[in-house]
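Everything below concerns the one structure shown next.
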Amino acid sequence: MKNPTIKLDGVSRRDFVKTSAAVVGSLVAAHFPENASAFYPSEDVIRIGLIGCGGRGTGAAVQALSTSQNVRLIAMADAFQDQLEDSLENITKADADYAEAVAGRVDVPRDRQFVGFDAYKQLIPLVDVLVIATPPGFRPIHFAAAIEADKHVFMEKPVATDAPGIRSVLETAELAMQKKLNVVVGLQRHYQIRYQRWVEHLQNGMIGDITMSRVYWNSSGVWVRARKPGQTEMEYQMRNWYYFNWLCGDHIVEQHIHNIDVSNWVKQGHPIRAQGQGGRLVRNGPDHGQIFDHHYVEYEYEDGSRMISQCRHMPDCTNRVTEAFHGSNGVASRPGLIQSTSGHTLFEHEGKNDPDPYQVEHDELFAAVAAGEYKFANAKYGAESTFTAILGRMATYSGQVLDWDEALASEVSVMPERFAFDADPPVLPDADGQYPIPEPGVTMVI
Amino acid sequence: MRLPTTLLVASAAFVLLQIGSCSTSHIPESSNNRTAKSELDAGNSDRLDEKDIVDSTPAGITRYRIPGSTISFEMVTVSGGAFKLGTPAETEGADEDEAPQVEVTVDAFMIGRFEVTHDEYALLRYVDRDTDSTAVEGHRMDVDAIARPSTPYEDPAHGMSGRGFPAVGMTQWGALQYAKWLTEKTGEFFRLPTETEWELACTAGGNADLTESSLRERGWYKGNSGTELKKVGTRSADALGIHDLLGNAAEWTLDQYDEAFYESIESTDGFNPWRRPDRLHPRTVRGGAYDDDVSEVRCTARMESNLNWKSRDPQIPKSFWWNTDSPFVGFRLVRPLNQPSEDEQVAFWQFVLGE
């Protein structure tokens, strides 16, 4: 659902900047050299800060800098110095197709490069817009800090890894709406023309009531970062984050959320209940943490319809990354195609030359910020889709039928007590290097 | 620019088999490679037995088995000599970049009967499939040291993959990396075809000026594919015994896409033309694909690669190996009959791959 354009009624972007400056005031003297506070006196520049400088963060920063607004990347934050430095280098010499736009828009001297678990705290006051692309476990914390400080946000999906995290994001989302701060979440299909048109037709009843959704992310898997000598357990997990639930949420959350979200988008709501099965069959070594390599979940919506969700991370099996919907009067067998029950094509949009939705996300956000418009409030559906995926994970880990409300109220947290490289992460390997694996029928999730 | 053409005395410790006579038996099925290791006859893995000879294959086919696997691929020889590249200007149904028609001379080469398959490319993708480090005498290869394709976040083949399908979705660099790996594996030099070689093979196979009904028999294109990629070899072979040059997966060539390329050939000697790449984009793709119209599925039609094909890659740097949106592009290999020297090969890979 497209968010309505809400004019800011007299609150201009200049006021945002003034507000930010007021927040910055007391911190600047304490932390930064004198000249740091004198940069960019012009209120026409939109100052961007990147939190989380991995591959996606670097990409998002380049996309932000490729918009046609007067943007500058002026600060970066990451848990790791080497990652921040690599990212800065890659942004500065981005692909030839981006280099023209990006050159001259990057200004991140040493004193605006922040490293460590608390780096975000130093960065947030300095900027107007945050681009947040850390592993998802940190999202609720960073999102809350950003909105608290009156900043606009682009944040990657998913937006949390457990129920308490989701509740925090929902609360922050509410606050962002009250403050009229633009929040875009990186579920980029919402910014893709083929999906926008397809979903709109389905929402408008082109094939009647949607009785079943089928969503898939079956692929080979992702990267692995092997343990290196000298790393603490915390550092190892932070580097190899995909395989630990507190950081990643398992692949059903980290990746399959894209497809699950499309179903929620079409149904204009979220499921009320889930049950499913999963495990780890192929990707089950000491380098693969605690996550499963396949999940199969049946979700139930309020109207009784179902979403069948499959995700798998196994090499050289049949790959499928897509969504399909069955209605009372026809079928939408792939994104951009809708057919009647008799096979007649009612709608088709191929979109081979449509604009890149990853770029469009940024184009639209920064256009709104530059114009002082309030247009984007993606965090609520971002949180609901994330929790739909988390609910699926909870169902496959426990082997139980779970109700949305009860699961969302759970106080079970996957996060560590303390964030520091000498702190214990919430799961630790045994003598054989194996991590505790969920056991359906035994593992409690609520 | 000439390709290296000096002779390499091939030290083939694997068997190069000329199949011309009838024998019993059939091509071994590509088995599930997870268990293939135990099925390998380790000592004699490089020799093809009598039972591996195909009885119904036309003469002039050469079959190679990839060491350390049960997978084979076949090549046919395309005779060299003079031929007319392109189409005369103002020809109806032809594009401007196919003109002027130029007389060129091409050395003989062998070309794959089929597009490189998913099964073959998997040997490069998955280190646990690529088990044989002995390869060729004197060509000891450390399989663990090979740079392998990165794991793509989404699926470059958009679900159109599996046993017997053409390998698709990789960049031209990814295709060349396969050729380099295969070269090291076998001791034979394989590479992508130049545009000129590709067009010669297509023309020599009798694929030029096909009627639509003939195309329907011979290739997968928009009119008969249901807009999806098909397994290799499921349309009829051409006069040389080659399948799917036209349609199915469009095929990477070695060339930079240069619309004025043929004009520039006129001022050279016209021997083995190759438009050497001087920048990343665009590169030339030939043959058309399962989702192309008749007008694009022709021997002389030239397609340029498009930056769109990886615009949806959300990381920086973008993947070297994969495009997000080219499930319609794969490749086939050639093997020059006059194999370049070791030094020339090293220089070649350095130039095309930067390593």
Side-chain angles (χ1 to χ4, degrees), chain A residues 53-63 65-66 86-87 89-98 102 133 156 186 188-189 192 216-224 254-255 258 282 313-322 334 337 348 350-361, chain B residues 30 32-34 36 118-119 121-129 148-163 165 167-169 222 226-229 279-282 289 291-292 306-322 324-328:
Chain A
C53 307
R56 177 78 270 264
T58 310
V62 169
Q63 278 146 2
L65 294 175
S66 301
D86 285 346
S87 173
E89 196 185 326
N90 283 325
I91 292 169
T92 321
K93 57 167 182 151
D95 284 346
D97 36 308
Y98 290 117
V102 167
E156 259 303 324
Q188 79 285 351
R189 285 161 177 72
Q192 195 170 348
Y216 307 85
W217 196 303
N218 295 336
S219 69
S220 308
V222 298
W223 44 263
V224 171
E254 200 284 329
Q255 188 175 66
H258 280 296
V282 172
H313 271 183
M314 295 179 188
D316 217 24
C317 298
T318 305
N319 291 327
R320 190 179 293 180
V321 179
T322 194
R334 59 177 157 83
L337 180 64
E348 189 165 15
E350 206 204 301
K352 228 174 183 175
N353 294 315
D354 283 345
D356 167 18
Y358 288 98
Q359 185 60 51
V360 171
E361 296 177 308
Chain B
S30 245
N32 179 341
N33 282 323
R34 282 212 194 95
H118 166 95
D119 317 56
Y121 204 74
L123 296 176
L124 178 63
R125 282 182 83 169
Y126 304 113
V127 65
D128 60 357
R129 312 270 165 102
R148 298 190 184 270
S150 53
T151 312
Y153 190 73
E154 292 211 26
D155 172 22
H158 293 202
M160 299 180 294
S161 63
R163 314 227 177 284
F165 280 83
V168 293
K222 198 170 195 168
T227 321
E228 58 180 30
L229 193 67
R279 63 196 187 285
L280 195 53
H281 291 282
D291 63 347
D292 281 321
N306 195 326
L307 279 175
N308 269 355
W309 294 355
K310 60 163 51 158
S311 67
R312 280 196 317 120
D313 185 337
Q315 314 253 356
I316 294 282
K318 298 204 176 198
S319 174
F320 278 32
W321 289 92
W322 301 107
T324 50
D325 295 292
S326 67
F328 44 83

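First the proteins, then the strands, lettered A, B, ... as listed; each starts at 1. What's counted below: heavy atoms across the whole structure, side chains too, no hydrogens, waters or symmetry copies.
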### Query
Checking B/Y153 against chain A: side chain, backbone, both or neither under 4.5 Å from a heavy atom?
both
### Task
Return the set of residues passing side-chain contact (heavy atoms from CB on, under 4.5 Å) with A/S87 (not counting sequence neighbours), or none when no residue passes.
A/L50, A/C53, A/T58, A/M76, A/I91
### Summary
Highest number of heavy-atom pairs under 4.5 Å with chain B among A/H258, A/R320, A/E254 belongs to A/E254
### Summary
Nearest heavy-atom approach of A/G221 to B/T151 is O-CG2, 2.9 Å
### Task
Measure distances from B/D325 to the heavy atoms of chain A and classify the residue's part below 4.5 Å as side chain, backbone, both or neither.
neither
### Task
Examine whether an atom of A/E350 lies under 4.5 Å from a heavy atom of chain B, and if so say whether it belongs to the side chain, the backbone or both; otherwise answer neither.
neither
### Message
Between A/V321 and chain B, with a heavy-atom cut-off of 4.5 Å, which part of the residue counts as in contact: side chain, backbone, both or neither?
### Response
side chain
### Query
Measuring from B/S311:OG to A/Y358:OH, what's the distance to the nearest 0.5 Å?
10.0 Å
### Message
Within this structure, what is the CG-OG1 distance for the pair A/D356 and B/T324, rounded to the nearest 0.5 Å?
### Response
8.0 Å
### Query
Under 6.0 Å from the OH atom of B/Y126, do we count more than 12 heavy atoms belonging to anything else shown?
yes
### Query
Looking at CD1 of B/I316 and CG of A/D86, how far apart are the two atoms once the value is rounded to the nearest 0.5 Å?
14.0 Å
### Task
Tell me whether the guanidinium CZ or amine NZ of A/K352 lies under 6.0 angstrom from the six-membered ring centre of B/F328 and within 45° of its axis.
yes
### Summary
The interface call for B/R279 against chain A, heavy-atom contacts under 4.5 Å, is neither
### Task
Please look at B/H118 and chain A and tell me whether the side chain, the backbone, both or neither of the residue comes under 4.5 angstrom of a heavy atom of that chain.
side chain
### Query
Can you tell if the side chain of A/S220 reaches within under 4.5 Å of the side chain of B/R125, non-hydrogen atoms only?
yes
### Query
Say you draw a straight line from NZ of B/K318 to CG of A/N90; how long is it, rounded to the nearest 0.5 Å?
13.0 Å
### Task
Answer with side chain, backbone, both or neither: which region of A/N218 has an atom nearer than 4.5 Å to a non-hydrogen atom of chain B?
neither
### Message
Test your reading of the model: is there a side-chain donor-acceptor pair from B/R312 to the backbone of A/P357, 3.5 Å cut-off?
### Response
no
### Task
Could you tell me which non-hydrogen atom of A/R56 sits nearest to which non-hydrogen atom of B/Q315, and how far apart they are?
N-OE1, 3.0 Å
